[in-house]
Amino acid sequence: MAGTIQSLILTPPSIVTSPFPCRKTCCLFSRSLRINPPRRSISTLIISCKPSDEIHGSDLANGLNWTKPLMNFASNNFLPLALTSGVAFGLVNPTLGCLADKCNLSKFSTFGIFVVSGLTLRSDAIGAAVKAWPVGLFGLCSILFFTPYFSRIILLIPLQPQEFVTGLAIFSCMPTTLSSAVALTQLAGGNSALALAMTVLSNLLGILIIPFSISKFIAVGVGVYVPTAQLLKSLVLTLLVPLILGKVLRESSRGLANFVDHNRKLFSKINAVFLSLVPWIQVSRSRSLLMMVKPAAFIVAIGMGMLLHLGLLAFNALAIRSLSAISGGHKSIFSKKENAQAALLVASQKTLHVMVAVVQQLGSAFGESGLLVLPCVAAHLIQIVLDSFLANFWLRKELSSNTAKVA
């Protein structure tokens, strides 16, 4: 008996190994000190058992989630952001812009814009719009012959510096935008083939007509003589030749055409970068003059650009409604919603690309180029924003009507 008691006292307790050392330690600790461990939730235990690299990885992923909406916004609004960034860089640090001007980078960017436009130009869309040729004919007449008369009204506005007024007047004589109107027409569900046909033809014919429009509507009002023949030759070399070059490259290589069609967003962004170089250079050159301009005058110029676009929308909407009533009412080709939307959007927008090329060719005939371009950059952005709201309104209206029909 004594030996048994002695063996119990001197023999140490056997240690049982467990695959859960944390649990064992906690049990021994609680038995010895009689202190219950704090309760922990299941989620806390799971998180504490995760490896550190998984925890840091999930935190990093959560931290990057906020960048996705920002990147999507930048991608969807690349052109406005590029233009405003170019203006901002020119105002903050004009040194690089002046250096780019000495290297004639603006001419290279203009050439690149229209080469890319030629690469993205589809021929089949022009043939698809033949059925709606009366609407297309009205759109061309409105773009090239009717809307330039708005420049006469603009020139009557007394605003200093005079270049703001003259720049907007030149802007009203330009053809339609190269991509924005077509994209918005497609978004709204309009006749995108008709929109593209009007865009292509108005820009090709506009190169021939713009010099005469500027001489008739603007040069007389400002008191400046414009060498029409020389301007026409310059526009043909700087706009028409690269446009044809890009189109020839597209038609000569089927692989290149397929690559361009599958990467249209990429080429649109390349075009936006080329276009943003122009206001950056022009604003950098004219920064000293821009700093002397009163903010109120620039705000008035922005308001003029907005009123110009609203006036073009009202004029074209009234003209389309009148032509629809004259040519057969609801059976008229003008009354078809798809055609009316395409004509209204395309005929009411003006391109900044060609306007910049014209200002470069004119030199200082109408004043400082930076002051001429700056209000037109604002007007260009305003028309895109306003028409995007209009296209979205049409789209929502169409969706609601389809929902009502299904119900």
Pair Phe171-Ile154, side-chain contact (heavy atoms from CB on, under 4.5 Å): steps then yes or no: CA-CA 10 Å; Phe171 187 66; Ile154 295 173; over 6 Å; no
So, [X] side chain and [Y] main chain: donor-acceptor pair closer than 3.5 Å or not?
X      : Y      : value
His262 : Asn258 : yes
Ser172 : Ala169 : yes
Ser142 : Phe146 : no
His309 : Ser348 : yes
Asn339 : Phe334 : no
Asn316 : Leu344 : no

Test side-chain contact (heavy atoms from CB on, under 4.5 Å) applied to Trp394 and Thr185, step by step: CA-CA 10 Å; Trp394 285 337; Thr185 301; over 6 Å; no
Asp261 bridged to Arg254 by N-O distance under 4.0 Å: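 Between Arg254 and Asp261 there is no salt bridge, as every charged N stays at least 4.0 Å from the carboxylate O atoms.
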Other residues, nucleotides, ligands: >12 heavy atoms within 6.0 Å of Phe89 CZ: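 No, the 6.0 Å shell around CZ holds no more than 12 heavy atoms from other groups.
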Residue pair Ser324 / Lys336, side-chain donor-acceptor N/O under 3.5 Å: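 No donor-acceptor contact under 3.5 Å links the two side chains.
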Smallest separation among heavy atoms of Leu168 and Pro375, with atom names: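 Between these two residues, the closest heavy atoms are CD2-O, 4.0 Å.
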Gln349/Thr176 under side chain to side chain donor-acceptor pair (under 3.5 Å): CA gap, chis, key distance, verdict: CA-CA 5 Å; Gln349 290 193 6; Thr176 189; 5.1 Å; no
Stepwise side-chain contact (heavy atoms from CB on, under 4.5 Å) check, Thr177 with Gln383: CA-CA 10 Å; Thr177 53; Gln383 69 182 4; 3.5 Å; yes
side-chain contact (heavy atoms from CB on, under 4.5 Å) between Leu390 and Leu386, intermediate numbers included: CA-CA 6 Å; Leu390 182 60; Leu386 292 178; over 6 Å; no
